[in-house]
Amino acid sequence: MASSRVITHPLSRRQVLKGGAALGLGSAAALGLRPSWADPWGQTSVYAKGVEEGPEVSLAIRRESILIDGKEARPFSINGTSPGPMIRLKEGQDAVLKVTNLLDEPTSIHWHGLILPPDQDGVPGVSFPGIAPGETFTYRFPVRQNGTYWYHSHSGLQEQLGHAGPLVIDAAEREPFRYDREHVLLLTDWTFEDPMSVFRNLKTAEGYYNFQERTIADFFADMREKGFAATAEMRGMWAKMRMSSRDIADVTGSTYTYLLNGHSPEENWTALFRAGERVRLRVINGSAMSYFDVRIPGLKMTVVAADGQPVQPVPVDEFRIGVAETYDVLVMPEDDTAYTIFAESMDRSGFARATLAPREGMDAAIPERRRIADRGMEAMGAHDMEGMDHAEMEGGADGDMEGMDHSSMEGMDHSNMQGMSDERSRMNANGMLAAGAAQPGSRYDQAGIGIDPEARRMLVYRDLKAFTPWPDRREPERELELHLTGNMERYMWSFDGKKFSEVTGPIRFNKDERLRLILINDTMMEHPVHLHGMWMELENGQGELIPRKHTLNVKPGERVSALITADAEGSWAFHCHLLYHMDAGMFRVVKVS
């Protein structure tokens, strides 16, 4: 679809929708009638920062003074709020989104997870020029899907400054689950530091923001549990790699305030319900760098959608949400009491929270905080390291990985690979695993570091099963393997040992081919990998019901595979969604032709 550029005057703020009437759930709802404030398939409350309803929406981007956690800040605002308002569209519409740049620098908006023409995807320098100061860019595209998504800047580090917001697309037909009310929960991480200063600090000193390093007391505690020899060996391995076993997150609560719908834990934003209602929570991780573990003590959650796509219901007590992922869950509070929505950062350095309550002003206890975990052997090689060519990583890529010491990998236990011969029996005629089979080296049955599977029922990737099969059931024609690489000491991140600035061309997909993408994480950090323009079907062992996702979390040392139908001609961004990792070089362009 065509886009347009015009110079405009500053837009006036639209009046935000008011939610007071949202509590008027009466007999009409019980009879299945639609209240005036409801969407067609469920009653909805208003998102905390206001709502802009399509198909035609106007957005103005500014830099202005706004209170965050009670302190004056200078975030990017969208229609006067930071994070921005919720945009609500409907499947089958032709969306017209007019974005006016009132900044003194270029900006952009990427519609995360939407399938649309490449020139409407909003990534400057790929297939879109960006939005210059004083200009309006009109995005026009058909809305061909439904579910929970989000939008954010793809210009520099603007996303860290609040340039993001939720995007909800109502289904044209009834969804496979029912609910009475919904709330959007947008998780973000805010720092009062300049993002460029954060980036410089990360490049200056490994572990700059990690104030939870191990102590002598921890060493003696490990000795009591594991013995001196095992403790000394593990400490020595981490020392050789110039890393800490507690490098869980690059940027932590030492500088971050974790926000839920723009509100700090102390501000305690409240989502309302009536006892007995089935409530849909649309949870979006719109943070720059933070993974969260989300739970509501006292309430079971049922996961019904992942990355906007319906999945067969999974009852859980908690789920980990990687950066840029979305999960929809249903809860049914039976009592007239308050519940804490608790989103703890993966490194345990802080949390975001809100309250689910029948009335404003109610509160609930914050659960006991968990201690930071230590990375163990699973981070050092769940996949087979034998035969791997480390030449590029040891300085072959213009010195990107210079100084990384792999001697600690010698003698590694590869027992996790014993099932490889069994997997070979499942290979197809092309010598590849049958579509939908889990790849060797994957850990889809594990939630990740810091999770005790005995403590509560956690969602894992193995649980995700599509509601219906994807129409393209062809076997993959070829496999493309990419390694996620990095140098933590120099803070350089890359694919196959090369930063984006060092590659000579795009990754090529053939138009309409069926492709298997294999991602192998050679680093000690999690990476949420996002492909624009196309779905990735996670091969988690669910056969023809493998789930569709736009962002895949790849744990340290893990091998993850996904099937792709390359039906989106054009150039597309492909990158780690940790903002500073992407800016440091873990970014590529995929060309479909």
Q) So which heavy atom on Q120 is nearest to which on W111, and how close? A) O-CD1, 3.4 Å

Q.
Once you measure the plane-to-plane angle for Y339 and F273, does it fall in the parallel (<30°), tilted (30-60°) or perpendicular (>60°) bin?
A. tilted

Q. Do the side-chain N and O atoms of H581 and D250 include a donor-acceptor pair separated by under 3.5 angstrom?
A. yes

Q) What pairs with E318 under side-chain contact (heavy atoms from CB on, under 4.5 Å), at least two apart in sequence or on another chain? A) D293, R295, R370, R456, M458

Q: Quick one: closest heavy-atom pair of M534 and I564, and the distance?
A: SD-CG2, 4.1 Å

Q.
Would you compute the distance between atom CG of L89 and atom CG of D94 and round it to the nearest 0.5 angstrom?
A. 11.0 Å

Q. Going through the distances and angles, do T270 and M362 end up as a side chain to side chain contact (heavy atoms under 4.5 Å, CB included)?
A. CA-CA 8 Å; T270 300; M362 298 184 72; over 6 Å; no

Q | Residue list, side-chain contact (heavy atoms from CB on, under 4.5 Å) with R473, at least two apart or on another chain | A | P469, W470, R514, E537, E544

Q: State, with a plain yes or no, whether a side-chain heavy atom of K555 is found less than 4.5 Å away from one of Y461.
A: no

Q: Using the side chain to side chain contact (heavy atoms under 4.5 Å, CB included) rule, pick out the option among V323, L259, V294 that qualifies with L187.
A: V294

(Q) Please check this pair: side chain of E91 against backbone of A171, looking for a donor-acceptor N/O pair closer than 3.5 Å. (A) no

Q.
Please give me the minimum heavy-atom distance between K49 and P83, naming the atom from each residue.
A. CG-O, 3.6 Å

Q) Are W493 and T523 side-chain neighbours, meaning at least one heavy-atom pair lies under 4.5 Å? A) yes

Q) Tell me, do V311 and K465 make a side-chain contact under 4.5 Å, heavy atoms counted? A) no

Q | Heavy-atom donor-acceptor pair, D189 side chain to M289 backbone, under 3.5 Å | A | yes

Q. Among all residues two or more places apart in sequence or in another chain, which pass the ring-ring contact (aromatic ring centres under 6.0 Å, His included) test with F574?
A. F495

Q. Can you name the ring-ring contact (aromatic ring centres under 6.0 Å, His included) partners of W150, sequence neighbours left out?
A. H112, H152, H577

Q) So, for A566 and F509, which heavy atoms are closest and what is the spacing to 0.1 Å? A) CB-CB, 3.9 Å

Q: Would you indicate whether the side-chain heavy atoms of V126 and F587 approach each other to under 4.5 Å?
A: yes

Q.
Once rounded to the nearest 0.5 Å, what's the spacing between atom CG of N285 and atom OG1 of T551?
A. 10.0 Å

Q: With rounding to the nearest 0.5 Å, note down the distance linking CD1 in I87 to CD in E53.
A: 11.5 Å

Q.
Less than 4.5 Å apart, side chain to side chain, heavy atoms only: is that true for Q145 and R548?
A. no

**Q.** Donor-acceptor pair, side chain of Q446 and main chain of R443, under 3.5 angstrom
**A.** no

Q | Worked check of side chain to side chain contact (heavy atoms under 4.5 Å, CB included) between E325 and F319 | A | CA-CA 11 Å; E325 290 187 306; F319 61 89; over 6 Å; no

Q: Please check if any side-chain donor atom of T565 sits under 3.5 Å from a side-chain acceptor atom of D567, or the reverse.
A: no

Q. Would you find a donor on one side and an acceptor on the other, under 3.5 Å apart, between the side chain of N261 and the backbone of A48?
A. no

(Q) When you measure from the side chain of D328 to the backbone of R282, do you find a donor-acceptor pair of N or O atoms at a distance under 3.5 Å? (A) no

Q) Of all residues at least two apart in sequence or in a different chain, which pass the side-chain contact (heavy atoms from CB on, under 4.5 Å) check with P547? A) L464, L538, N540

Q.
Measuring only between side-chain heavy atoms, which start at C-beta, is V303 closer than 4.5 Å to D463?
A. no

Q: Please report the shortest heavy-atom distance between P297 and T340, naming the atom on each side.
A: CD-O, 3.3 Å

Q. What do the steps show when you test H575 against H154 for side chain to side chain contact (heavy atoms under 4.5 Å, CB included), and what is the final call?
A. CA-CA 12 Å; H575 59 92; H154 231 290; 3.3 Å; yes

Q) Is the backbone N or O of P333 less than 3.5 Å from a side-chain atom of E277, with the two atoms forming a donor-acceptor pair by type? A) no

Q.
Between F292 and Y258, does the side chain to side chain contact (heavy atoms under 4.5 Å, CB included) criterion hold? Intermediate values first, please.
A. CA-CA 10 Å; F292 294 96; Y258 300 109; 3.6 Å; yes

**Q.** Evaluation steps, salt bridge (charged side-chain N to carboxylate O under 4.0 Å, His left out), between R508 and E513
**A.** CA-CA 11 Å; R508 296 200 172 270; E513 75 171 324; over 6 Å; no

Q: Answer whether the closest heavy-atom distance between the side chains of H550 and Q309 falls below 4.5 Å.
A: no

Q) Under 3.5 Å, is there a donor-acceptor pair between the N268 and H263 side chains? A) no

Q.
Checking side chain to side chain contact (heavy atoms under 4.5 Å, CB included) between L114 and each of Y151, Y139, F141, which is the one that passes?
A. F141

Q. Got a sec, which residues hit side-chain contact (heavy atoms from CB on, under 4.5 Å) with P265, two or more places apart in sequence or on another chain?
A. F351, R353

Q: Could you grab the distance from atom OH of Y47 to atom CZ of R88, nearest 0.5 Å is fine?
A: 13.0 Å

Q) Hey, are the side chains of K90 and V143 touching, using non-hydrogen atoms and a 4.5 Å cut-off? A) no

Q | Carboxylate-amine/guanidinium contact E175 R280, below 4.0 Å | A | yes

Q: To the nearest 0.5 Å, tell me how far S287 OG sits from L578 CG.
A: 8.0 Å

Q: Can you measure from CE (M582) to SG (C576) and round to the nearest 0.5 angstrom?
A: 9.0 Å

Q. Can you name the closest pair of heavy atoms from S571 and V589 and give their distance?
A. CB-CG1, 4.1 Å

